[in-house]
Amino acid sequence: MPTEIKIPAVGESITEVTIAKWLKKDGEAVKRDEVIAELESDKATFELPAAADGTLKIRVAEGETIGIGTVIAVLDGAAGNGQAPPTAAAPAATAADPLNKGEENPQASDQAGYGGTPADRPDSSPATPGAPAGTPAPSGGMVEMKIPAVGESITEVTVAKWLKPDGAQVSRDEVIAELESDKATFELPAEGTGTLRHAVKEGETIGIGTIIARIEGGSGAASATPAPAASAPAAPAPAAALATGGGASTYATGVPSPAAGKILGEKGISPADVAGSGRDGRITKEDAQNAQAKPAAAPAPAATPAPAASQSVPVTPAGERGQRRERMSNLRKTVARRLVSVKNETAMLTTFNEVNMQPIMDLRTKFKDKFKEKNGVGLGFMSFFTKAVCVALQEWPAVNAYIDGGDIVYSDFCDISIAVSAPKGLVVPVIRNAEQLSFEGIEKEVVRLAGLARDNKLTIEQMTGGTFTITNGGIFGSMLSTPIINAPQSAILGMHNIIQRPVAENGQVVIRPMMYLALSYDHRVIDGRESVSFLVRVKELLEDPTRLLLGV
């Protein structure tokens with residue numbers, strides 16, 4: 001018996017995930033607990049194991065975003081056997097199994113993409129021997145498509161764009177529309193195979209559960225030699241097909257797929273100038289990408305006077321001027337939404353100071369080799385800054401607090417979030433109880449969390465619950481910045497690059513390695529005196545690191 005693989009619950013606030021990558025191919029035999037896919041939410045990446053042994057049948061394409069509990073694949077019980085046993089009720093000429101996207105029934109495929117009504121389709125010849133000519137193929141019923149639940153707080157969506165026109169033939173899981181809420185944009189896949197009938201116009205706003213479309217019948221089996229409908233005018237064959245003397249044209253000949261049509265429109269190329277390599281001569285995405293615009297014919301010389309010297313002649317810019325468009329990842333969307341929310345909902349401002357890094361650099365130079373030999377990890381700047389911040393947070397608890405409704409919550413522990421630039425965006429793993437860790441413990445935790453971030457293996461628990469954040473823009477060469485608070489925290493410390501600058505010491509001008517520090521804070525919780533005093537305390541501890549060792 002087939003086993004359905006559904007998207008599991010991966011966090012309290014996560015309602016949808018994206019299929020980041022299929023690690024196993026459609027039709028491949030898999031073992032129980034073998035990882036078959038990577039799922040990506042707006043907060044982390046997860047691995048999806050197989051629930052049983054069997055042959056994998058993929059239902060959701062790579063890159064699609066779907067809700068929790070959605071069936072994304074099926075495991076056939078007999079491993080290695082990619083075909084389901086035939087049943088007596090299924091005729092031999094039925095359409096392709098929507099779960100097996102690698103195969104297609106050659107008779108049913110003649111209907112795919114036809115945009116007419118059932119009455120004027122060219123496949124109106126009988127599907128059953130002995131039926132009179134012009135009898136339509138038997139219908140497979142009707143599927144009503146309703147707006148699915150797309151989030152806890154979302155009650156309505158807008159039909160941003162219909163990707164398939166009314167009356168078009170669609171296949172199961174084919175994206176037919178884009179839905180837009182006040183938080184994100186979602187794709188709506190077809191729930192069956194058949195003729196699409198719109199129930200809502202593009203641009204309308206409707207509630208969750210409303211019927212948005214109906215899919216009539218199915219792509220029923222057509223006869224091998226369909227009789228052309230008298231009411232359907234013959235479409236002109238594209239020039240390329242006529243020139244090559246190919247086979248008989250059908251309704252699909254020279255018709256671009258939606259993706260191909262978009263590419264051709266951007267290039268300014270007519271579909272009539274492109275030879276389609278798809279089934280029945282359909283123009284595929286690859287055909288459109290490889291198509292080249294025909295050079296304009298040279299104009300005949302005209303007996304017109306030469307343009308005056310004062311007339312301006314448009315100049316075409318030299319070089320490539322290409323553009324590309326990429327969809328924002330869920331992680332990037334969440335980061336963008338949270339940063340804008342912080343700017344709008346907090347009274348954020350930034351105070352600055354500078355630190356002489358010479359004492360720390362001398363200490364590292366003296367002991368870094370022995371430190372690494374003993375502990376197996378290098379002695380970096382982050383452990384000094386983390387220790388200094390923990391001491392200052394315990395002296396100024398308001399900097400370690402946050403607002404919860406009408407209350408201010410103070411923490412007597414220091415969970416320090418470390419901003420890390422991961423391949424898919426900015427993440428902030430948390431060092432728990434950093435105030436209790438030694439230099440060695442902090443350095444090992446930083447290395448461990450940074451490694452998980454680079455491999456996209458951080459969990460939700462490892463990125464939530466921090467009380468204060470440290471970000472180091474100096475590793476990228478930042479001279480000075482105003483970091484944005486990591487909500488719901490009330491403050492963030494920004495480190496910057498170390499520059500040799502002239503400073504005055506004991507009435508003498510000397511060259512010292514200096515770093516600017518920036519503390520962004522929420523003025524609703526932290527007063528100016530507390531913010532400045534906190535940053536001055538951090539400066540004192542860093543410029544005299546023996547204070548960190550002695551706790552003074």
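Because the structure is a prediction, the values reported are computed rather than measured. One-based numbering along the sequence shown.
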Can you name the residues that form a side-chain hydrogen bond (donor to acceptor under 3.5 Å, both in side chains) with Asn433, not counting sequence neighbours? Glu435
Using the side chain to side chain contact (heavy atoms under 4.5 Å, CB included) rule, take Val430 and Gln462 through it: C-alpha gap first, then chi angles, then the decisive distance, then the call. CA-CA 6 Å; Val430 181; Gln462 290 170 329; over 6 Å; no
Atom [atom1] in [X], atom [atom2] in [Y]: separation rounded to 0.5 Å?
X	Y	atom1	atom2	answer
Ile492	Phe468	CD1	CZ	7.5 Å
Leu179	Glu156	CG	CD	12.5 Å
Arg59	Arg172	CZ	CZ	5.0 Å
Thr346	Gln489	OG1	CD	12.5 Å
Leu75	Asp53	CG	CG	8.5 Å
Ile485	Leu339	CD1	CG	11.0 Å

Carefully, step by step, assess Thr158 and Thr205 under the rule side-chain hydrogen bond (donor to acceptor under 3.5 Å, both in side chains). CA-CA 4 Å; Thr158 300; Thr205 300; 2.9 Å; yes
Test side chain to side chain contact (heavy atoms under 4.5 Å, CB included) on Ile212 and Trp162 and set out the steps. CA-CA 11 Å; Ile212 184 177; Trp162 280 107; 3.8 Å; yes
Report the C-alpha separation of Arg432 and Glu445 in whole Å, then their side-chain angles, then the decisive distance to 0.1 Å, and conclude whether the side chain to side chain contact (heavy atoms under 4.5 Å, CB included) test is met. CA-CA 9 Å; Arg432 307 290 179 185; Glu445 193 69 359; 5.9 Å; no
Who pairs with Ile208 by side chain to side chain contact (heavy atoms under 4.5 Å, CB included), at least two apart in sequence or on another chain? Ile147, Ala149, Val150, Val157
Hey, which of Asp76, Asp26, Val74, Val30 is the one that makes side chain to side chain contact (heavy atoms under 4.5 Å, CB included) with Thr55? Asp76
Compute whether any side-chain donor of one residue and acceptor of the other, for Thr467 and Asn400, lie under 3.5 angstrom apart. yes
May I have the step-by-step check of salt bridge (charged side-chain N to carboxylate O under 4.0 Å, His left out) for Asp166 and Arg197, ending in yes or no? CA-CA 5 Å; Asp166 187 74; Arg197 299 298 179 192; 3.8 Å; yes
In short, Ala73 meets Leu56 closest at the heavy-atom pair CB-CD1, 3.7 Å
Quick one, Leu188 and Pro148 - any side-chain contact, counting heavy atoms below 4.5 Å? yes
Is there side-chain contact between Phe385 and Leu517, with heavy atoms separated by less than 4.5 Å? yes
Mind checking ring pair (Phe, Tyr, Trp, His ring centres under 6.0 Å) for Trp22 and listing every partner two or more places apart, or none if nothing turns up? none
Going through the distances and angles, do Tyr521 and Thr351 end up as a side chain to side chain contact (heavy atoms under 4.5 Å, CB included)? CA-CA 8 Å; Tyr521 60 99; Thr351 185; 4.1 Å; yes
Steps toward side-chain hydrogen bond (donor to acceptor under 3.5 Å, both in side chains) verdict (Gln169, Thr195): CA-CA 5 Å; Gln169 283 288 320; Thr195 304; 2.6 Å; yes
